[in-house]
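Notes to accompany the following structure.
Letters go in sequence order (proteins before strands), and every chain restarts at 1.
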2 protein chains.
Amino acid sequence: MRPTARSGRRSGGARSIELGPLTRSIGYMLRRAQITAVAGFLEALKEVELRPTQFAVLLIIRENPGIRQTEFCDALGIQKANFVPLLNHLEWRGLAERRTGTSDRRSCALYLTPRGQELLRRACVLHDAHEARLTARIGKRGREVLLSLLRKLHDPL
Amino acid sequence: MRPTARSGRRSGGARSIELGPLTRSIGYMLRRAQITAVAGFLEALKEVELRPTQFAVLLIIRENPGIRQTEFCDALGIQKANFVPLLNHLEWRGLAERRTGTSDRRSCALYLTPRGQELLRRACVLHDAHEARLTARIGKRGREVLLSLLRKLHDPL
DNA sequence: TATTGTTATACTCTATAACTATA
DNA sequence: TATAGTTATAGAGTATAACAATA
């Protein structure tokens, strides 16, 4: 799974792959780091059976109780059509719920169930441990620098 | 992991979404930055009609002429089954080619065609411009720091 | 007429098992 | 028997169009 960066041949006769300019590409290195991070996330949150997107949805509902689906999708850049099965799954697991809006009966207000709140608390503990393992590789200072750089890459400024 | 400080509503009446701990999550910020980077890549390489994976495949074949498919997949962490249609497409476009191995007739050695080499040169120019735009957001020093941090995140060390 | 949530659909990426032809 | 490449298939993630209920 891990590409090596050096060129030449190994003693066993197997070829060591030359990645060339890719190791100097922000895009490619971002992708590799993200693949590693996702794998670690899945391993860390296996106990609560949450994928990264599901974890993010629960967190954002907790931070924004009563948020409507369209609001959610606009903020996160998710297509509203794709949000439906995602939320269906969380509702089916009894972690989140839709409540039909009182003022606008077209819309649904989203809330965590007590069970969702409980699971999310446990998920946050596991997620913190996962983040701590990532931080251990780059140091606390490195983590702050990384978050700052990633924010700059994303924001239009 | 700490929640961020701000919350509340915007003046226009639209709700300002609270992302909470997500903005302090390496995993989430990696994902957001990568989405931005991929969008920029697609825009930058539209002219040559190469997606990030296709660009990476052409580059690695150029750096490792004669590489076999299994070697390639082992090094890049791609499933060999998924590599087949990927390579079929590049071959169909006349950019790369399989040559049946002389010593082992089960395997294919991969090469760029002259047209593939030409297109890749142009693609590299476009890719460099894209990387320069990313670098402009974080500075040359920031870029070096970022690449170093991303490498540390990926490598087991 | 416009908007919210929904359905249907399609295309990409990824993951696994089983097949073929060679070794 | 083991391996290289292939096929088939299934699951996620993502994109657009169109529909019903409501505004």
Compute whether any side-chain donor of one residue and acceptor of the other, for Ser107(A) and Gln69(A), lie under 3.5 angstrom apart. no
Quick one: Asn82(B) CG to dT12(C) C1', roughly how many Å, whole number? 11 Å
Give the residues of residues 99-110 of chain A touching DNA chain D, defined as any heavy atom closer than 4.0 Å, sorted by residue number. Ser103(A), Asp104(A), Arg105(A), Arg106(A)
Whole angstrom is fine here: how far is it from CD1 in Ile67(A) over to P in dT4(C)? 13 Å
Kindly give the heavy-atom pair with the smallest separation between Ile26(B) and Leu150(A), and that separation in Å. O-CD1, 4.4 Å
Does Arg99(B) have any salt bridge (charged side-chain N to carboxylate O under 4.0 Å, His left out) partners at least two apart in sequence or in another chain, and if so, which? Glu97(B)
Mind running a 4.0 Å heavy-atom check of residues 47-59 of chain B against DNA chain C and sending the residues that fall below it, in number order? Arg51(B)
Near DNA chain D, which residues from residues 73-80 of chain A have a heavy atom under 4.0 Å away? Gln79(A)
Go through DNA chain D in 5' to 3' direction and return only the first and the last nucleotide with some atom under 4.0 Å of chain A's heavy atoms. dA12(D) to dA23(D)
All pairs passing salt bridge (charged side-chain N to carboxylate O under 4.0 Å, His left out) where residues 101-119 of chain A contributes a residue, at least two apart: Asp104(A)-Arg106(A)
Listed partners of Arg93(B) passing side chain to side chain donor-acceptor pair (under 3.5 Å), at least two apart: none
Side chain to side chain donor-acceptor pair (under 3.5 Å) involving Glu144(B) - partner list, sequence neighbours excluded: Arg24(A)
Is there any ring pair (Phe, Tyr, Trp, His ring centres under 6.0 Å) pair reaching into residues 56-80 of chain A, and which pairs are they, with sequence neighbours excluded? Phe72(A)-Phe83(A)
Residues which pass side chain to side chain donor-acceptor pair (under 3.5 Å) with Asn88(A), listed by chain and number, not counting sequence neighbours: Arg98(A)
Which whole-number value in Å describes the distance from Arg32(A) CZ to dC13(C) C1'? 19 Å
Which residue is it: His130(B), Arg141(B), Arg143(B)? I am looking for the one with a side-chain contact (heavy atoms from CB on, under 4.5 Å) to Thr135(B). Arg143(B)
Has Ser25(A) got a side-chain atom pairing as donor or acceptor with Pro21(A)'s backbone, closer than 3.5 angstrom? no
Can you name the ring pair (Phe, Tyr, Trp, His ring centres under 6.0 Å) partners of Tyr28(B), sequence neighbours left out? none
Pairwise side chain to side chain donor-acceptor pair (under 3.5 Å) hits with a residue in residues 48-57 of chain B, at least two apart: none
When you look at CZ of Arg31(B), are more than 12 heavy atoms from neighbouring residues, nucleotides or ligands closer to it than 6.0 Å? no
